[in-house]
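A quick note: this is a predicted structure, and the numbers were derived from the prediction, not measured. We name chains A, B, ... by the order of the sequence lines, and we start the count at 1 in each one.
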Amino acid sequence: MESTRIKVPSIAKRGTAVEIRAMIMHPMENGFNFDTQGATIPVHIITDFICRYMDEDVVRVKLEPGLAANPYFSFYLEVQQSSEVQFEWHDQDGRVTRESATIQVA
Amino acid sequence: MRGLAPLVLVVFGASALGDHSAPRSGYQYLSPETQALQNDNFSNPGMLWAEAGRKLWSEQEAGNSCQSCHGSASLTMRGSAVRYPRYVPSVGQVINLEQQINRCRTVHMHVHAWGYESQMLLSMETFIAFQSRGMPIEVKFGGQEQESMERGRLFFYRRRGQLNLACANCHEQNSGGRLHGEVISQGQTNGFPIYRQLWQTLGSAHRMFAWCNESVRAEPYPLGSQEYVDLEMYERWRSAGLRIESPAVRR
């Protein structure tokens, strides 16, 4: 599991758009770097980022090599009811890192 | 009054390049965009390591955790980073924060030391240094610390490598000037561990020293070596009064 950080407001007013932020610690090796011995460092990246709210995909991103390390996403979510906001990061080897937070809608 | 005008000019002329009357944080040499990245506690990538360190703080190993002795880090670790490196009598030499963390692990927790520059040690160091954010550096200089600082000072002024440059040639005589597109900072260490954009990862002061040594084509010393701890000691003396910014973002 990689170190992650998420920011989801704990309380929000129905119908408003709230800012969601998510970041994961990851080298995002693009396959063009060399180690100290001159050997190529193989590609090692996160390939998918998914955010779910009310059991529905609200954001789905496909990541490619060439992105900077520690990918960071920020977006707005229009909230309708109290629910868990779930985050998933898939890496190229199929490992999944999950994180979640609950948002209370008043 | 008439004699004052040229004097003022001279002072201002000197301040443009390499004025060392007051220490300036590396933060002040950054572009506004990079400063904004450091200011935002969420988007600052260094906070990923601080977060990982926060989890490690309470993680039990061999029945103990950092928390079981030290309690809440926000109370007990506040101000600890500003006091290192320092002389520890039982070790018999000046050690830095990383070495103190490892000493705690081996002596008190009876678990293996983390490798220098390992993910674990960097995370814990970042978390501890983060607790002292905003506090001015105030290292006490007893006899041993003074000796270590003097050794560090010699290191700082000694020319080395194929380019035959001392730390002082860039970071003292030419700070504020440019090296290609980069603005040369004073090389202060108040932001370490730093998230360095060039590395795309977090690194300790010793990694930066080694990087700098390699840049002047000198053989770097091993990370965690006494030479670098002494240099760190001297850097602390130079940056007295600067506030801790860990984890800082640098180019």
Margin query: Need one label for B:Q197: side chain, backbone, both or neither, based on atoms under 4.5 Å from any heavy atom in chain A.
Written below: neither

Next item on the list: Using a cut-off of 6.0 Å, state whether more than 12 heavy atoms not belonging to B:R217 lie near its atom CZ.
Entry: no

Checklist line | Side-chain heavy-atom pair B:W49, A:S3 within 4.5 angstrom cut-off | finding: no

Margin query: So, applying side-chain contact (heavy atoms from CB on, under 4.5 Å) with B:L48, which one of A:M23, A:H26, A:E2 is it?
Written below: A:M23

Notebook entry, point to check: Do any N or O atoms from the side chain of A:R5 and from the backbone of B:F42 form a donor-acceptor pair under 3.5 angstrom?
Noted result: yes

Notebook entry, point to check: Do B:Q119 and A:M25 come within less than 4.5 Å of each other through their side chains, counting heavy atoms only?
Noted result: yes

Notebook entry, point to check: Is the number of heavy atoms from other residues, nucleotides or ligands under 6.0 Å of B:L163 CG greater than 12?
Noted result: yes

Check: Is the number of heavy atoms from other residues, nucleotides or ligands within 6.0 Å of CE (B:M135) greater than 12?
Finding: yes

Note to self: Heavy-atom count check: over 12 atoms from other residues, nucleotides or ligands less than 6.0 Å from A:D35 CG?
What the structure shows: yes

Item checked: Spacing of A:N70 atom CG and B:M47 atom CE [to the nearest 0.5 Å] -> 13.5 Å

Next item on the list: Can you tell which part of B:S43 gets under 4.5 Å to a heavy atom of chain A, answering side chain, backbone, both or neither?
Entry: both

